[in-house]
Amino acid sequence: MKSGNPSLRVPIALGEQTRKALLDVGLLNKSLQIRSENKHLLIPTTRLLSHDEIAQILGHEDFEISYHDFEEIYGGPTSLAEVLEDKLSSEEIELLPRAYDLIGDIAVLEIPEELSQYSIMIGEGFRIIHKNFAVVLSKKGAISGTKRVREYDILAGENRTDTIHTEYGCKIAVDLAKAYFSPRLLEEHNRIAEQVSHGECVLDMFTGVGPFALHIAKRVDAKVIAIDINPEAIHLLEKSIRMNKLTGEVHPVVADSKEYVKNNFEKDIDRVIMNHPSGAGDFVESTCHALRDGGILHYYDFMGGEDPESSMISRLSSLVEAAGRKVESVPLVRRVRDSAPFEYQMVVDAIIQ
């Protein structure tokens, strides 16, 4: 009989995702302390789980089932409010961030302006609760410029903004200070990749660090031309290509997508991904020049109003018609995430003729 407690061994980058997934289904052993070991975390479970059961819960198979000894947890704070209750007023406690982005071993907080003077204290408090994070950052300003980057303040932990993020077993090199990346598009990256067939030629026009391209090439034998105007983003994508075992091909390109696409393709692309919701509309003409008849366009934009789905379809149809093509059908239009009160990041999948 094996000794110790049943547990999962996962890469550090998947630690918080795994912990949350187990917690949600009541299988995390909350009485025992999570351990770290050789760039992995050992997460205690309430019972021994089968491989198939774990894979279904986690949505990936980057884990090992094991037995280990763990230290018991003896109380301690479980929220920022508890950590800072004697340092902030009740009104300030109400403003504390209750959610965060998890990117590899980095946590990204959004701290209200009213609490900006306490940012370092909040970051240090966050690490008291979440010891598994190596870095705690806070957003500083909005995403801006043609390279789509934002500034960050380092609140606690190591002095860096780079990490390795993992999605569905796909390793992605990220440097938040140098290139755009959003972990909130995890399911969208996977959704698009699942639609791509073997042999397709795909254009990823605003690839960033390449999550769409990497997911696709990991799943199928497709060719993905991944374009970004930011050389730092492409450098990170090239690093990711070396880290992953890909079935297909990713061809990173540093260029302005509008000119590059117009000059290099003519109705010979099967699928185009346009994930630049604040500016993709300006590039639809180039896309229509490249996309074959019956090709698929995944177009992202910000949309508000009472019926953003209809507005999204209408906007894309107008842009495509202005480029001399037409939208034959729309298999899907949906809200990807909230971007502001009564505004959404939307996606429409359209077949173009």
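Residues take their numbers from the sequence shown, with the count starting at 1.
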Requested in this report: Indicate the ring-plane relationship of His215 and His189, choosing parallel, tilted or perpendicular according to the 30° and 60° boundaries.
Outcome: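 Ring orientation, 0 to 90° scale: tilted.
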Distance only, no hydrogens: is a donor on one side chain within 3.5 Å (strictly under) of an acceptor on the other, for [X] and [Y]?
X      : Y      : answer
Ser7   : Asn5   : no
Asp105 : Thr163 : yes
Asn29  : Thr46  : no
Tyr118 : Glu92  : yes
Glu110 : Tyr100 : no
His289 : Glu266 : no
Glu249 : His251 : yes
Tyr168 : Glu187 : yes
Asp349 : His298 : yes

Query - Sub-6.0 Å ring centroid separation between Phe126 and Phe133 - result: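 Between Phe126 and Phe133, the centre distance is under 6.0 Å.
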Query raised in the report: Below 6.0 angstrom between ring centroids: does that apply to Tyr300 and His276?
Result: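 Ring centroids of Tyr300 and His276 are no less than 6.0 Å from each other.
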Side chain [X], main chain [Y], donor-acceptor under 3.5 Å:
X      : Y      : value
Ser119 : Ser116 : yes
Glu94  : Glu91  : no
Thr166 : Ala13  : no

Ion pair [X]/[Y], N-O distance below 4.0 Å:
X      : Y      : result
Glu124 : Arg127 : no
Arg35  : Glu37  : yes
Asp175 : Arg160 : no
Asp268 : Arg292 : no
Arg334 : Glu188 : yes
Lys262 : Glu259 : no

Query raised in the report: Do Lys258's NZ or CZ and the ring of Phe283 fall within the cation-pi criteria of under 6.0 Å and 45°?
Result: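 Flagged: Lys258 positioned over aromatic ring of Phe283.
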Query raised in the report: Does a sphere of radius 6.0 Å around CG in Asn159 hold more than 12 heavy atoms from other residues, nucleotides or ligands, not counting ones at 6.0 Å or beyond?
Result: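 Counting other residues, nucleotides and ligands, CG of Asn159 stays at 12 neighbours or fewer.
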**Report entry** Crowding at NE2, His235 (>12 non-hydrogen neighbours, <6.0 Å)
**Finding:**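 12 or below, so no.
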**Report entry** Candidate pair Leu88 and Leu96, rule side-chain contact (heavy atoms from CB on, under 4.5 Å), full reasoning
**Finding:** CA-CA 10 Å; Leu88 300 178; Leu96 286 170; 3.9 Å; yes
